Amino acid sequence: MSFADKLRDAGVVGAGGAGFPTHVKAASRVDTLIANGAECEPVLVTDQWVMASHAREIVTALREEAQAVGASRTIVAIKRKYHELADLFAPMLDASMELFLLDDFYPSGDEHVLVHEVTGRVVPEGGIPLEAGTLVQNVSTLLNCYHALNDQPVINKHITVAGSVERPGVYIAPLG
């Protein structure tokens with residue numbers, strides 16, 4: 001069974017917000033694959049928590065997807081201020097992978113902005129990164145890809161609860 005088929009069967013969709021069917025991305029051919037850990041909204045910490053808790057799984061899924069889509073360049077993109085995450089990921093990346101440190105600006109996690117920052121390419125207006133030869137996967141999506149590779153369906157979502165609440169933090173909630 002192909003990588004894309006495993007993702008489809010497990011119900012993996014973009015966990016960064018858009019919910020784009022991940023198997024469609026994984027069935028494409030691109031030269032650049034970006035793991036998006038930049039956290040688009042300033043109050044959110046979900047990407048940071050997922051990366052700190054599941055770095056090995058994210059890197060494993062990233063390697064598998066890079067091979068599936070034929071990417072010759074594989075990047076983990078995080079904000080420069082995430083020092084601990086940079087230190088955690090750097091030793092896990094092999095020679096075909098790189099860590100890209102973004103400045104802290106809004107909306108650095110938007111995939112159109114991210115593609116331009118990392119590659120210098122412009123995604124066509126109204127288009128998607130695939131049209132610029134680039135595939136962008138949120139780090140939570142990559143975690144779900146890892147689970148799919150191990151025949152585990154997507155049944156939960158990581159969410160940030162913040163603001164004027166009693167117990168702010170990252171929570172795992174059942175889908176639906």
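Given the structure is predicted, the values throughout are model-derived calculations rather than measurements. Below, each value reflects all heavy atoms present in this structure, side chains not excepted, and no hydrogens, waters or symmetry copies.
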Kindly say whether [Y] contributes a backbone atom to a donor-acceptor pair with the side chain of [X] at under 3.5 angstrom?
X	Y	value
Thr46	Thr160	yes
Glu39	Gln48	yes
His54	Ser140	no
Arg63	Ile58	no
Asp31	Ser72	no

Report summary line: Looking only at heavy atoms, the pair that brings Ala55 and Leu88 closest together is CB-CD2, 3.7 Å
Does the side chain of [Y] come within less than 4.5 Å of [X]'s, by heavy atoms?
X	Y	value
His23	Asp5	no
Pro168	Val161	no
Lys6	Asp9	no
Val123	Glu111	no
Lys25	Thr141	no

Cluster check [X], [Y]: I/L/V/M/F/W/Y, side chain < 4.5 angstrom:
X	Y	value
Leu142	Tyr146	no
Val30	Val76	yes
Val45	Val50	yes
Val136	Val69	no
Leu62	Leu135	yes

[atom2] on [Y] to [atom1] on [X], rounded to 0.5 Å:
X	Y	atom1	atom2	answer
Asp110	Glu41	CG	CD	10.0 Å
Arg121	Glu131	CZ	CD	13.0 Å
Lys157	Ile172	NZ	CD1	12.0 Å
Glu98	Arg73	CD	CZ	4.0 Å
Ile78	Ser108	CD1	OG	11.0 Å
Phe100	Glu117	CZ	CD	6.5 Å

Query raised in the report: Could you walk me through whether Phe105 and Val113 pass the side-chain contact (heavy atoms from CB on, under 4.5 Å) check?
Result: CA-CA 11 Å; Phe105 64 90; Val113 173; 3.7 Å; yes
Query raised in the report: Going through the checks in order, is the side-chain contact (heavy atoms from CB on, under 4.5 Å) test met by Leu33 and Gln137?
Result: CA-CA 8 Å; Leu33 171 60; Gln137 294 288 28; 4.3 Å; yes
Query - More than 12 heavy atoms from other groups under 6.0 Å of CD on Gln152 - result: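 Yes - once you tally the heavy atoms of other residues, nucleotides and ligands closer than 6.0 Å, there are more than 12.
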Report task. Would you please classify the geometry between the Trp49 ring and the His158 ring as parallel, tilted or perpendicular, with 30° and 60° separating the classes? Result -> tilted
Query - Intermediate values then yes/no, side-chain contact (heavy atoms from CB on, under 4.5 Å), Leu101 and Lys81 - result: CA-CA 8 Å; Leu101 302 177; Lys81 69 180 184 178; over 6 Å; no
**Report entry** Short side-chain donor-acceptor distance under 3.5 Å, Ser96 and Thr74
**Finding:**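 There is no such pair between these side chains.
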